[in-house]
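Numbering of ligands and ligand atoms starts at 1, following listing order.
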Amino acid sequence: MNAGVSQDAIKLGLIGHPAGHSLSPLIHNHWLERHGLRGRYDVFDIPPEELISGVARLAADGFSGFNVTIPHKRAVMDMCADLDESARVTGAVNTVCVGPGGALRGMNTDAAGFAQSLAEGAPGFGFEDAPALVLGAGGAARAVICGLQSLGVRGIFVAGRSAEKTKDLAAGFAAQHVAWEDRHLAAESCAVLVNATPLGMKGHADADAPLDPAVLPPGALVCDIVYRPLRTKLLEAAARRGLRIVTGDGMLLHQARLSFAAWTGTFPEIDKDLRQRVREEAQ
Ligand code: NAP
(Lines give C-alpha, C1' and ligand atoms only; values in the text may rest on other atoms or scores of the structure.)
Protein backbone atom coordinates (compact mmCIF):
# COMPACT_ATOMS: atom_id res chain seq x y z
CA MET A 1 0.00 0.00 0.00
CA ASN A 2 2.08 2.87 -1.31
CA ALA A 3 0.42 6.24 -1.80
CA GLY A 4 3.39 7.19 -3.97
CA VAL A 5 4.46 10.16 -1.86
CA SER A 6 7.51 10.73 0.32
CA GLN A 7 7.61 9.92 4.02
CA ASP A 8 6.72 13.34 5.43
CA ALA A 9 3.95 14.12 2.95
CA ILE A 10 0.39 13.91 4.29
CA LYS A 11 -1.16 10.57 3.40
CA LEU A 12 -4.94 10.41 3.30
CA GLY A 13 -7.42 8.08 1.69
CA LEU A 14 -10.75 6.33 1.46
CA ILE A 15 -11.41 2.67 2.19
CA GLY A 16 -14.45 0.83 0.85
CA HIS A 17 -15.57 -2.17 -1.18
CA PRO A 18 -16.19 -1.97 -4.01
CA ALA A 19 -14.30 1.33 -3.97
CA GLY A 20 -16.02 2.54 -7.15
CA HIS A 21 -15.62 6.01 -8.55
CA SER A 22 -15.42 8.46 -5.67
CA LEU A 23 -15.32 12.26 -5.81
CA SER A 24 -13.40 12.41 -2.51
CA PRO A 25 -9.91 12.38 -4.14
CA LEU A 26 -10.89 15.38 -6.29
CA ILE A 27 -12.07 17.28 -3.20
CA HIS A 28 -9.22 16.48 -0.80
CA ASN A 29 -6.44 16.77 -3.38
CA HIS A 30 -7.88 20.19 -4.33
CA TRP A 31 -7.62 21.33 -0.71
CA LEU A 32 -4.13 19.89 -0.19
CA GLU A 33 -2.98 21.88 -3.20
CA ARG A 34 -4.87 25.05 -2.24
CA HIS A 35 -3.32 25.05 1.22
CA GLY A 36 0.18 24.24 0.01
CA LEU A 37 0.16 20.94 1.88
CA ARG A 38 2.30 18.26 0.30
CA GLY A 39 0.47 14.97 0.21
CA ARG A 40 -2.17 12.90 -1.50
CA TYR A 41 -5.58 11.33 -1.03
CA ASP A 42 -6.06 7.90 -2.61
CA VAL A 43 -8.79 5.28 -2.79
CA PHE A 44 -8.21 1.76 -1.45
CA ASP A 45 -10.49 -1.14 -2.29
CA ILE A 46 -10.47 -3.29 0.85
CA PRO A 47 -12.86 -6.27 1.07
CA PRO A 48 -14.42 -7.01 4.49
CA GLU A 49 -12.17 -10.03 5.14
CA GLU A 50 -9.10 -7.79 4.75
CA LEU A 51 -10.37 -4.86 6.79
CA ILE A 52 -8.18 -5.45 9.85
CA SER A 53 -4.96 -6.04 7.91
CA GLY A 54 -5.73 -3.26 5.41
CA VAL A 55 -6.32 -0.66 8.13
CA ALA A 56 -3.22 -1.80 10.04
CA ARG A 57 -1.19 -1.32 6.85
CA LEU A 58 -2.45 2.24 6.41
CA ALA A 59 -1.54 3.08 10.02
CA ALA A 60 1.91 1.49 9.63
CA ASP A 61 2.44 3.37 6.34
CA GLY A 62 2.11 6.70 8.14
CA PHE A 63 -1.37 7.73 7.05
CA SER A 64 -2.75 10.71 9.00
CA GLY A 65 -6.27 9.47 8.48
CA PHE A 66 -8.81 8.06 6.08
CA ASN A 67 -12.48 8.07 5.17
CA VAL A 68 -14.59 4.95 5.49
CA THR A 69 -17.46 4.01 3.22
CA ILE A 70 -19.71 1.02 2.44
CA PRO A 71 -19.49 -1.65 3.83
CA HIS A 72 -17.02 -0.73 6.61
CA LYS A 73 -18.69 2.15 8.45
CA ARG A 74 -19.82 0.03 11.38
CA ALA A 75 -17.13 -2.68 11.36
CA VAL A 76 -14.31 -0.16 11.65
CA MET A 77 -15.76 1.07 14.96
CA ASP A 78 -14.44 -2.04 16.70
CA MET A 79 -10.92 -1.16 15.56
CA CYS A 80 -10.97 2.34 17.03
CA ALA A 81 -9.33 2.95 20.41
CA ASP A 82 -11.55 5.98 20.77
CA LEU A 83 -14.86 7.13 19.28
CA ASP A 84 -15.93 10.75 19.44
CA GLU A 85 -19.49 11.77 20.23
CA SER A 86 -20.50 12.05 16.56
CA ALA A 87 -19.53 8.40 15.99
CA ARG A 88 -21.23 7.23 19.17
CA VAL A 89 -24.47 9.07 18.42
CA THR A 90 -24.74 8.03 14.76
CA GLY A 91 -23.41 4.52 15.40
CA ALA A 92 -21.11 4.70 12.37
CA VAL A 93 -17.64 5.97 11.49
CA ASN A 94 -16.86 7.73 8.20
CA THR A 95 -13.60 9.37 9.31
CA VAL A 96 -10.62 7.88 11.12
CA CYS A 97 -7.67 9.85 12.50
CA VAL A 98 -4.46 7.90 13.07
CA GLY A 99 -2.81 9.00 16.30
CA PRO A 100 0.59 8.34 17.87
CA GLY A 101 1.50 4.65 17.83
CA GLY A 102 -1.21 3.98 15.26
CA ALA A 103 -4.13 4.41 17.68
CA LEU A 104 -7.33 5.05 15.74
CA ARG A 105 -9.92 7.68 16.62
CA GLY A 106 -13.26 7.27 14.88
CA MET A 107 -15.57 10.16 14.02
CA ASN A 108 -18.64 10.76 11.91
CA THR A 109 -18.72 13.93 9.84
CA ASP A 110 -21.75 12.89 7.74
CA ALA A 111 -24.33 14.12 10.27
CA ALA A 112 -22.79 17.56 10.80
CA GLY A 113 -21.97 17.79 7.09
CA PHE A 114 -25.59 17.04 6.22
CA ALA A 115 -26.89 19.64 8.72
CA GLN A 116 -24.50 22.26 7.35
CA SER A 117 -25.57 21.51 3.79
CA LEU A 118 -29.24 22.06 4.73
CA ALA A 119 -28.49 25.29 6.57
CA GLU A 120 -26.48 26.49 3.58
CA GLY A 121 -28.89 25.24 0.92
CA ALA A 122 -32.09 26.46 2.60
CA PRO A 123 -31.19 29.65 4.47
CA GLY A 124 -33.99 30.95 6.66
CA PHE A 125 -35.97 27.69 6.56
CA GLY A 126 -37.70 27.08 9.89
CA PHE A 127 -36.28 23.69 10.82
CA GLU A 128 -37.26 23.92 14.47
CA ASP A 129 -40.23 21.74 15.23
CA ALA A 130 -40.72 20.96 11.52
CA PRO A 131 -41.90 17.36 11.05
CA ALA A 132 -39.62 15.46 8.66
CA LEU A 133 -39.78 12.23 6.66
CA VAL A 134 -36.57 10.31 5.99
CA LEU A 135 -36.59 7.63 3.28
CA GLY A 136 -34.12 4.77 3.86
CA ALA A 137 -32.73 2.97 6.87
CA GLY A 138 -29.07 2.53 6.00
CA GLY A 139 -25.90 4.26 7.18
CA ALA A 140 -26.71 7.56 5.50
CA ALA A 141 -30.20 7.64 7.05
CA ARG A 142 -28.61 7.47 10.52
CA ALA A 143 -26.49 10.53 9.76
CA VAL A 144 -29.46 12.34 8.21
CA ILE A 145 -31.62 11.76 11.30
CA CYS A 146 -28.83 13.01 13.61
CA GLY A 147 -28.31 16.02 11.38
CA LEU A 148 -32.03 16.85 11.38
CA GLN A 149 -32.18 16.51 15.16
CA SER A 150 -29.22 18.87 15.54
CA LEU A 151 -31.20 21.46 13.53
CA GLY A 152 -34.10 21.16 15.97
CA VAL A 153 -36.38 19.14 13.70
CA ARG A 154 -38.94 17.29 15.76
CA GLY A 155 -41.30 14.51 14.80
CA ILE A 156 -39.06 12.49 12.51
CA PHE A 157 -40.68 9.69 10.50
CA VAL A 158 -38.53 7.01 8.88
CA ALA A 159 -39.77 4.88 5.99
CA GLY A 160 -37.69 1.93 4.81
CA ARG A 161 -38.49 -1.12 2.73
CA SER A 162 -37.11 -3.55 5.36
CA ALA A 163 -39.59 -3.24 8.22
CA GLU A 164 -37.51 -4.71 11.08
CA LYS A 165 -34.38 -2.76 10.19
CA THR A 166 -36.35 0.47 9.88
CA LYS A 167 -38.16 -0.11 13.19
CA ASP A 168 -34.83 -0.67 14.98
CA LEU A 169 -33.31 2.42 13.45
CA ALA A 170 -36.31 4.58 14.29
CA ALA A 171 -36.40 3.32 17.89
CA GLY A 172 -32.70 4.10 18.34
CA PHE A 173 -33.28 7.75 17.48
CA ALA A 174 -36.70 8.24 19.09
CA ALA A 175 -38.16 8.59 15.60
CA GLN A 176 -41.34 7.02 14.25
CA HIS A 177 -41.33 4.06 11.90
CA VAL A 178 -43.50 4.27 8.79
CA ALA A 179 -44.21 1.31 6.51
CA TRP A 180 -42.69 1.83 3.06
CA GLU A 181 -46.17 1.58 1.49
CA ASP A 182 -47.40 4.41 3.75
CA ARG A 183 -44.67 6.91 2.93
CA HIS A 184 -46.91 9.12 0.77
CA LEU A 185 -49.47 9.35 3.58
CA ALA A 186 -46.78 10.33 6.10
CA ALA A 187 -45.34 12.91 3.69
CA GLU A 188 -48.63 14.84 3.62
CA SER A 189 -47.91 16.34 7.02
CA CYS A 190 -44.13 16.80 6.69
CA ALA A 191 -42.30 20.07 6.09
CA VAL A 192 -39.02 18.32 5.24
CA LEU A 193 -38.38 15.26 3.06
CA VAL A 194 -34.97 13.63 2.72
CA ASN A 195 -34.16 10.78 0.38
CA ALA A 196 -31.44 8.60 1.93
CA THR A 197 -31.97 5.62 -0.39
CA PRO A 198 -30.05 5.08 -3.64
CA LEU A 199 -33.31 5.35 -5.62
CA GLY A 200 -32.83 7.77 -8.47
CA MET A 201 -29.06 7.36 -8.51
CA LYS A 202 -27.39 7.02 -11.90
CA GLY A 203 -26.78 3.34 -12.59
CA HIS A 204 -29.19 2.11 -9.90
CA ALA A 205 -31.69 -0.48 -11.09
CA ASP A 206 -34.57 1.73 -10.00
CA ALA A 207 -34.14 5.20 -11.50
CA ASP A 208 -37.60 6.41 -10.43
CA ALA A 209 -38.17 8.96 -7.67
CA PRO A 210 -38.77 7.25 -4.29
CA LEU A 211 -41.85 9.39 -3.68
CA ASP A 212 -44.13 11.81 -5.53
CA PRO A 213 -43.46 15.19 -3.88
CA ALA A 214 -46.89 16.42 -5.00
CA VAL A 215 -48.23 15.07 -1.69
CA LEU A 216 -46.04 17.41 0.39
CA PRO A 217 -47.56 20.60 1.77
CA PRO A 218 -46.70 23.91 0.05
CA GLY A 219 -43.47 25.42 1.33
CA ALA A 220 -41.92 22.03 2.05
CA LEU A 221 -38.21 21.41 1.62
CA VAL A 222 -36.95 18.38 -0.32
CA CYS A 223 -33.39 17.15 -0.07
CA ASP A 224 -31.88 14.26 -2.01
CA ILE A 225 -28.50 13.12 -0.73
CA VAL A 226 -27.97 11.21 -3.98
CA TYR A 227 -25.67 13.49 -5.97
CA ARG A 228 -25.40 11.55 -9.23
CA PRO A 229 -27.26 13.07 -10.99
CA LEU A 230 -27.24 16.32 -9.10
CA ARG A 231 -30.89 17.02 -9.85
CA THR A 232 -32.59 13.69 -9.36
CA LYS A 233 -36.10 12.97 -10.59
CA LEU A 234 -37.32 13.61 -7.05
CA LEU A 235 -35.73 17.07 -6.98
CA GLU A 236 -36.92 17.89 -10.50
CA ALA A 237 -40.49 17.00 -9.54
CA ALA A 238 -40.23 19.00 -6.31
CA ALA A 239 -38.84 22.04 -8.14
CA ARG A 240 -41.68 21.86 -10.68
CA ARG A 241 -44.11 22.11 -7.76
CA GLY A 242 -42.32 25.18 -6.45
CA LEU A 243 -40.89 23.40 -3.39
CA ARG A 244 -37.46 24.29 -2.03
CA ILE A 245 -34.76 21.80 -2.93
CA VAL A 246 -31.29 20.95 -1.64
CA THR A 247 -28.93 18.84 -3.75
CA GLY A 248 -26.62 16.13 -2.36
CA ASP A 249 -23.30 17.73 -3.32
CA GLY A 250 -23.54 20.00 -0.26
CA MET A 251 -23.45 17.05 2.16
CA LEU A 252 -20.54 15.53 0.26
CA LEU A 253 -18.52 18.76 0.43
CA HIS A 254 -19.33 19.63 4.03
CA GLN A 255 -18.58 16.18 5.45
CA ALA A 256 -15.30 16.22 3.51
CA ARG A 257 -14.44 19.67 4.89
CA LEU A 258 -14.88 18.44 8.48
CA SER A 259 -12.77 15.33 7.81
CA PHE A 260 -9.99 17.39 6.21
CA ALA A 261 -9.95 19.71 9.23
CA ALA A 262 -9.71 16.74 11.61
CA TRP A 263 -6.68 15.34 9.74
CA THR A 264 -4.76 18.50 8.96
CA GLY A 265 -5.95 21.15 11.45
CA THR A 266 -6.90 23.35 8.47
CA PHE A 267 -10.51 24.29 7.72
CA PRO A 268 -10.62 24.44 3.93
CA GLU A 269 -12.96 26.61 1.93
CA ILE A 270 -15.62 25.20 -0.36
CA ASP A 271 -14.71 27.61 -3.13
CA LYS A 272 -16.65 28.17 -6.36
CA ASP A 273 -14.07 26.33 -8.41
CA LEU A 274 -14.32 23.19 -6.28
CA ARG A 275 -18.11 23.24 -6.18
CA GLN A 276 -18.22 23.64 -9.94
CA ARG A 277 -15.82 20.72 -10.51
CA VAL A 278 -17.82 18.47 -8.18
CA ARG A 279 -21.06 19.43 -9.93
CA GLU A 280 -19.60 18.72 -13.34
CA GLU A 281 -18.32 15.31 -12.20
CA ALA A 282 -21.72 14.49 -10.67
CA GLN A 283 -23.58 15.00 -13.96
P1 NAP B 1 -27.09 1.69 2.57
O2 NAP B 1 -26.51 1.60 3.93
O3 NAP B 1 -26.89 0.59 1.60
O4 NAP B 1 -28.68 1.95 2.76
C5 NAP B 1 -29.52 2.13 1.66
C6 NAP B 1 -30.97 2.21 2.11
O7 NAP B 1 -31.80 2.35 0.94
C8 NAP B 1 -31.46 0.95 2.83
O9 NAP B 1 -32.46 1.32 3.76
C10 NAP B 1 -32.06 0.14 1.67
O11 NAP B 1 -33.04 -0.77 2.10
C12 NAP B 1 -32.71 1.25 0.88
N13 NAP B 1 -32.94 0.83 -0.50
C14 NAP B 1 -32.01 0.37 -1.39
N15 NAP B 1 -32.61 0.06 -2.57
C16 NAP B 1 -33.94 0.31 -2.40
C17 NAP B 1 -35.09 0.18 -3.24
N18 NAP B 1 -34.99 -0.28 -4.50
N19 NAP B 1 -36.30 0.55 -2.74
C20 NAP B 1 -36.42 1.01 -1.47
N21 NAP B 1 -35.37 1.16 -0.62
C22 NAP B 1 -34.14 0.81 -1.09
O23 NAP B 1 -26.56 2.99 1.81
P24 NAP B 1 -26.23 4.41 2.49
O25 NAP B 1 -24.81 4.47 2.86
O26 NAP B 1 -27.26 4.67 3.52
O27 NAP B 1 -26.41 5.38 1.22
C28 NAP B 1 -27.67 5.63 0.66
C29 NAP B 1 -27.52 6.65 -0.47
O30 NAP B 1 -27.04 7.89 0.05
C31 NAP B 1 -26.54 6.23 -1.57
O32 NAP B 1 -27.10 6.55 -2.81
C33 NAP B 1 -25.33 7.09 -1.33
O34 NAP B 1 -24.65 7.42 -2.53
C35 NAP B 1 -25.95 8.35 -0.74
N36 NAP B 1 -25.02 9.06 0.16
C37 NAP B 1 -24.72 10.36 -0.12
C38 NAP B 1 -23.86 11.05 0.71
C39 NAP B 1 -23.52 12.49 0.39
O40 NAP B 1 -22.52 12.97 0.92
N41 NAP B 1 -24.31 13.19 -0.39
C42 NAP B 1 -23.31 10.43 1.84
C43 NAP B 1 -23.65 9.09 2.11
C44 NAP B 1 -24.50 8.41 1.25
P45 NAP B 1 -32.60 -2.24 2.61
O46 NAP B 1 -32.00 -2.04 3.95
O47 NAP B 1 -33.87 -2.97 2.61
O48 NAP B 1 -31.60 -2.76 1.61
Open item on the list: Using only atom types and a distance under 3.5 Å, with no angle test, would you say the side chain of His17 pairs donor to acceptor with the backbone of Pro48?
Closed with: no
Open item on the list: Contact between Val93 and Met107 at the side-chain level, heavy atoms closer than 4.5 Å - yes or no?
Closed with: no
Open item on the list: Quick test: of every protein heavy atom, which one is nearest to atom 42 (C) of ligand 1, and how far off is it to 0.1 Å?
Closed with: Met251 CE, 3.8 Å
Open item on the list: If the threshold is 4.0 Å, N to carboxylate O, is there a salt bridge linking Asp110 and Lys73?
Closed with: yes
Task: Heavy atom of the protein closest to atom 21 (N) of ligand 1 (residue, atom name, distance) - done: Arg161 CD, 3.6 Å
TODO: Kindly assign one of parallel, tilted or perpendicular to the pair Trp263 and His28, based on the angle between their ring planes and the thresholds 30° and 60°.
DONE: tilted
Open item on the list: Could you tell me, atom by atom, which parts of ligand 1 come under 4.0 Å of a heavy atom of Ser162?
Closed with: 45 (P), 46 (O), 47 (O)
TODO: Report, in ascending order of atom number, the atoms of ligand 1 lying under 4.0 Å from any heavy atom of Gly139.
DONE: 2 (O), 26 (O)
Task: Protein contact to atom 9 (O) of ligand 1 [nearest heavy atom, distance to 0.1 Å] - done: Ala137 N, 2.8 Å
Task: Atoms of ligand 1 close to Gly136 [distance to a heavy atom under 4.0 angstrom, numbered from 1] - done: 9 (O)
- [ ] Could you tell me which atoms of ligand 1, counted from 1 in the order shown, lie closer than 4.0 angstrom to a heavy atom of Gly248?
- [x] 41 (N)
Task: ligand 1 N/O within reach of Asp110 N/O, cut-off under 3.5 Å - done: no
Task: Residue, atom name and distance, where the atom is the protein heavy atom closest to atom 7 (O) of ligand 1 - done: Pro198 CD, 3.3 Å
Open item on the list: Does any part of the side chain of Val194, heavy atoms only, come nearer than 4.5 Å to the side chain of Leu135, both counted from C-beta?
Closed with: no
Task: Check: Pro18 main-chain N/O paired with Asp45 side-chain donor or acceptor under 3.5 Å - done: no
Open item on the list: Any carboxylate oxygen within less than 4.0 angstrom of a Lys/Arg side-chain nitrogen, looking at Lys202 and Glu281?
Closed with: no
TODO: Indicate yes or no: does an N/O atom of Leu199 lie under 3.5 Å from an N/O atom of ligand 1?
DONE: no
Task: Test item: Arg241 side-chain N/O and Ala214 main-chain N/O as donor-acceptor pair under 3.5 Å - done: yes
Task: Ligand-side contact atoms (ligand 1) for residue partner Val226, heavy atom cut-off under 4.0 Å - done: 32 (O)
- [ ] Kindly indicate whether the side chain of Phe63, heavy atoms from C-beta on, has any atom under 4.5 Å from the side chain of Val96.
- [x] no
Open item on the list: Given Ala140, Ala141, Ala256, identify the one with the heavy atom nearest to atom 44 (C) of ligand 1.
Closed with: Ala140
TODO: Identify the protein heavy atom lying closest to atom 28 (C) of ligand 1, giving its residue, its atom name and the separation to 0.1 Å.
DONE: Ala196 O, 3.4 Å
Open item on the list: Can a side-chain donor-acceptor contact be found between Asn94 and Ser259 if the only test is distance below 3.5 angstrom?
Closed with: no
Task: Trp180: numbered ligand 1 atoms lying under 4.0 Å from its heavy atoms - done: 20 (C)
Task: Among Asn94, Leu169, Ile225, closest by any non-hydrogen atom to atom 41 (N) of ligand 1 - done: Ile225
Open item on the list: Tell me the protein heavy atom at minimum distance from atom 1 (P) of ligand 1, and give that distance in Å.
Closed with: Gly138 CA, 4.0 Å
Open item on the list: In the structure I gave you, are the side-chain heavy atoms of Thr264 and Trp31 within less than 4.5 Å of one another anywhere?
Closed with: no
- [ ] For ligand 1, find out whether one of its N or O atoms is nearer than 3.5 Å to an N or O atom of Ile70.
- [x] no
TODO: Determine, stepwise, if the pair Leu221 / Leu243 fulfils side chain to side chain contact (heavy atoms under 4.5 Å, CB included).
DONE: CA-CA 6 Å; Leu221 173 70; Leu243 303 177; over 6 Å; no
Open item on the list: For atom 46 (O) of ligand 1, what's the nearest protein heavy-atom neighbour? Residue, atom name and distance, please.
Closed with: Lys165 NZ, 2.6 Å
Task: Mode of Leu135 contact toward ligand 1 - side chain, backbone, both, neither (heavy atoms, under 4.0 Å) - done: neither
Task: Atoms of ligand 1 close to Met201 [distance to a heavy atom under 4.0 angstrom, numbered from 1] - done: 32 (O), 34 (O)
